Amino acid sequence: MSFVTMKGVIAAALVALALAQPVRAEEAWQATFDDTCARSNQAMAMSVQELRDLLDRCDALRKVIETQEESVRKVYLKRLSLCRNLYAYMLEYKQNNQAK
């Protein structure tokens with residue numbers, strides 16, 4: 001293999017690694033999003049602390065999603081808002097019932 005060909009292979013590998021890095025970062029927040037919102041059907045059975053933790057995760061996810069491109073941002077922020085509102089409602093409901 002010639003030096004020029006080797007240089008081209010190395011350059012191609014570096015470009016592939018550079019492009020793969022943002023995909024992994026995107027997958028990380030999307031996996032967290034999926035895990036966080038997938039629990040919404042179990043919200044009634046969760047403890048107050050579990051609901052607080054999920055609200056914290058939602059707030060952290062919001063910051064990450066706000067940095068995404070516009071169409072992704074709009075869709076995921078809306079979906080996240082729905083999940084967060086459910087968790088907040090259940091937290092308030094459970095706290096009010098504990099006070100009684």
Side-chain angles (χ1 to χ4, degrees):
M1 192 185 283
S2 74
F3 181 71
V4 174
T5 307
M6 182 84 118
K7 226 173 157 182
V9 170
I10 292 172
L14 289 174
V15 168
L17 285 173
L19 293 174
Q21 202 62 15
V23 171
R24 284 193 199 127
E26 182 176 325
E27 288 175 1
W29 74 260
Q30 284 182 332
T32 304
F33 173 88
D34 291 341
D35 181 52
T36 301
C37 287
R39 298 180 187 197
S40 62
N41 61 347
Q42 305 162 352
M44 289 192 68
M46 291 181 182
S47 69
V48 168
Q49 187 57 48
E50 287 173 313
L51 291 166
R52 284 185 182 136
D53 292 344
L54 284 169
L55 287 171
D56 290 341
R57 285 178 78 178
C58 287
D59 294 340
L61 273 169
R62 182 180 185 159
K63 292 176 185 174
V64 173
I65 293 170
E66 286 175 342
T67 66
Q68 303 303 309
E69 63 109 351
E70 185 180 2
S71 62
V72 171
R73 185 174 59 240
K74 283 183 178 181
V75 170
Y76 281 94
L77 283 177
K78 179 64 175 177
R79 290 177 59 196
L80 183 66
S81 174
L82 294 171
C83 293
R84 190 188 188 293
N85 289 344
L86 175 66
Y87 296 141
Y89 172 78
M90 287 308 303
L91 178 62
E92 183 180 336
Y93 174 80
K94 288 185 180 242
Q95 287 175 332
N96 287 341
N97 282 345
Q98 283 180 352
K100 293 181 180 180

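Everything quoted here is computed from the prediction, not taken from an experiment.
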*Any side-chain heavy atom of T36 sitting closer than 4.5 Å to one from R84?*
no

*Are R52 and Q95 close enough that some pair of their side-chain heavy atoms sits under 4.5 Å apart?*
yes

Using every non-hydrogen atom in the two residues, find where [X] and [Y] come nearest and quote the distance to one decimal.
{"X": "L55", "Y": "A88", "answer": "CD2-N, 3.7 Å"}
{"X": "T67", "Y": "V64", "answer": "OG1-O, 2.5 Å"}
{"X": "Y87", "Y": "C58", "answer": "CD1-SG, 4.1 Å"}
{"X": "K94", "Y": "M44", "answer": "NZ-O, 2.7 Å"}

*Check disulfide bond (SG atoms under 2.5 Å apart) between C83 and all other residues, then give those that pass, not counting sequence neighbours.*
C37

*Over 60° means perpendicular and under 30° means parallel, so classify the ring planes of Y89 and Y93, tilted if in between.*
parallel

*Is L77 reachable from L82 through a run of I, L, V, M, F, W or Y residues, each pair having side-chain heavy atoms under 4.5 Å apart?*
no

*Does L91 share a hydrophobic cluster with L86, counting links as ILVMFWY side-chain heavy atoms below 4.5 Å and allowing steps through other members?*
yes

*Could you state the interatomic distance from CG (D59) to CG (L54), rounded to the nearest 0.5 Å?*
11.0 Å

*asked:* Rounded to the nearest 0.5 Å, what separates atom CG in L61 from atom CG in D56?
replied: 11.0 Å

*asked:* Once salt bridge (Lys or Arg N to Asp or Glu O under 4.0 Å) is applied, do any residues pair with D35, and if so which ones, sequence neighbours excluded?
replied: R39, R57

*Could you list the residues that satisfy side-chain hydrogen bond (donor to acceptor under 3.5 Å, both in side chains) with S47, not counting sequence neighbours?*
E50

*Is atom CD of Q42 surrounded by more than 12 heavy atoms (other residues, nucleotides or ligands) closer than 6.0 Å?*
yes

*May I ask you to check whether over 12 heavy atoms, not counting those of R73, lie within 6.0 Å of atom CZ?*
yes

*Please lay out, stage by stage, how V72 and I65 fare under the test side-chain contact (heavy atoms from CB on, under 4.5 Å).*
CA-CA 8 Å; V72 171; I65 293 170; 5.6 Å; no

*Going through the distances and angles, do Q30 and D34 end up as a side chain to side chain donor-acceptor pair (under 3.5 Å)?*
CA-CA 6 Å; Q30 284 182 332; D34 291 341; over 6 Å; no

_Residue among K63, R62, Q68 satisfying side-chain hydrogen bond (donor to acceptor under 3.5 Å, both in side chains) with E66_ = R62

